[in-house]
> 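To start, I am sharing the structure in question, which I have written as structure tokens.
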Amino acid sequence: RHGNLESSSNSGTLLMSKLRVLIVDDEAPARRKLRRQLSEIANIEVIGEAKDGQQALSEIEQKRPDLILLDIQMPGMTGFDVLRLLEPPPPDVIFVTAFDKYAIKAFEVSATDYLLKPVSDERLSEAVGRASAKVGKTTQLLDALEPQGVATRIAVRYLKRVKLLAVTDISYITSEHRVVYVVDRRGQKHWTNESLDQLMKRLDPNMFFRIHRSSILNLSAPFEIEPWEDGRLKIHLPDQTTLTVARDPATTLRQKLNF
């Protein structure tokens, strides 16, 4: 990754490799200002720009930047949605935002930095200078984020495509081999970097129920329920998937469904 020393064959001197930066902001003037400010910082190479979340994900996958300067409030996908959909290993992230009231607490307890607009040259230089990859940073930030009301759509991915999936279209969510899959009512499986715990903080508890440590069920979606051994239940979904309801959640689910 960035910051390694490279040997120059011509001069025999050691050169610091440049930090490859991607700028993501829906406003062109903001992108131009950040690019100008970054041009004044040594060992920085701006490798591209993106005007929205989908373009950002595409640019990140193609160019693999070391660092992204990421706006939070963008049409469609937010900066947080981009973070949730980054393929591993994620680059370093510095959020750039005009809104701090809902995010500052999260940034204070995470390894990710943030910049409040308008961004000063000194503050940008300081943040970029501290940028370094740390294992688990994305997870730490997502854990720290305070939910902003009940989500009506969540950002998910299917293969290379990004989708804002209406929560009413979700059938169930499951964790398999450390990958979280969001399955819609047609049986199509999408994935996200969010954990089940993180999703449950944002989903309507009257609609979504944690039936197992590895599964969340949309109670408004079609399913069949079957009593099983030791007080547990089985949930049969239209896509032929069968989920297990653990014993303690089964008691609560019976009450919810009058089953």
> Hey, could you give me the CZ/OH distance between Arg123 and Tyr114, rounded to the nearest 0.5 Å?
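These two atoms lie 6.5 Å from each other.
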> Looking only at heavy atoms, what is the nearest atom pair of Ala56 and Leu22, with distance?
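Smallest heavy-atom distance, with atoms named: O-CD2, 4.1 Å.
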> Are the side chains of Leu253 and Ile225 in contact, using a 4.5 Å heavy-atom criterion?
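Result yes, sub-4.5 Å side-chain heavy-atom pair found.
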> Under 3.5 Å, is there a donor-acceptor pair linking the side chains of Thr251 and Gln255?
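Checked: Thr251/Gln255 side chains show no N/O donor-acceptor pair below 3.5 Å.
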> Is the shortest distance from a Lys or Arg side-chain nitrogen in Glu194 or Arg157 to a carboxylate oxygen in the other one below 4.0 Å?
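Salt bridge between Glu194 and Arg157, a charged N being under 4.0 Å from a carboxylate O: no.
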> Taking atom CG of Leu115 and atom CG of Leu34, what is their separation to the nearest 0.5 Å?
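Nearest 0.5 Å value for the CG-CG distance: 8.0 Å.
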> Are any of the side-chain nitrogens in Glu176 or Lys189 under 4.0 Å away from the carboxylate oxygens of its partner?
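Answer for the salt bridge query: yes.
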> Are Asp66 and Lys18 ion-paired here, with the side-chain N under 4.0 Å from a carboxylate O?
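Judged by the 4.0 Å cut-off on N to carboxylate O distance, Asp66 and Lys18 do not form a salt bridge.
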> So, are Arg64 and Glu87 salt-bridged, with charged N and O less than 4.0 Å apart?
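Yes, this pair counts.
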> Tell me every residue that passes side-chain contact (heavy atoms from CB on, under 4.5 Å) with Val180, counting only those two or more places apart in sequence or in another chain.
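If we apply the side-chain contact (heavy atoms from CB on, under 4.5 Å) test to Val180, skipping adjacent residues, the hits are Ile173, Ser175, Thr192, Leu196, Leu199.
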> Let's go through Leu237 and Ser171 carefully: what are the C-alpha distance in whole Å and the side-chain angles of both, what is the deciding distance for side-chain contact (heavy atoms from CB on, under 4.5 Å) to 0.1 Å, and is it a yes or a no?
CA-CA 8 Å; Leu237 286 307; Ser171 177; 3.6 Å; yes
> Between Phe223 and Tyr172, is the ring centre distance below 6.0 Å?
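So the answer is no for these two rings.
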> Show the numbers, then the answer: is there a salt bridge (charged side-chain N to carboxylate O under 4.0 Å, His left out) between Arg210 and Asp197?
CA-CA 9 Å; Arg210 185 79 173 264; Asp197 288 340; 2.9 Å; yes
> Nearest 0.5 Å please: distance from the CZ atom of Arg84 over to the CD1 atom of Ile154.
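Atom-to-atom, Arg84:CZ and Ile154:CD1 are 9.0 Å apart.
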> Is the shortest side-chain N to carboxylate O distance from Asp71 to Lys117 below 4.0 Å?
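Salt bridge flag = yes for Lys117 with Asp71.
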> Kindly indicate, with the supporting measurements, whether the criterion side chain to side chain donor-acceptor pair (under 3.5 Å) is fulfilled by Thr242 and His236.
CA-CA 5 Å; Thr242 298; His236 301 284; 3.2 Å; yes
> Yes or no on side-chain contact (heavy atoms from CB on, under 4.5 Å) for Asp52 and Asp26, after CA distance, side-chain angles and deciding distance?
CA-CA 6 Å; Asp52 56 40; Asp26 64 310; 5.8 Å; no
> Over all heavy atoms of both residues, which pair between Trp191 and Leu159 is shortest? Give the atoms and the distance, please.
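That closest heavy-atom pairing would be NE1-O, 4.1 Å.
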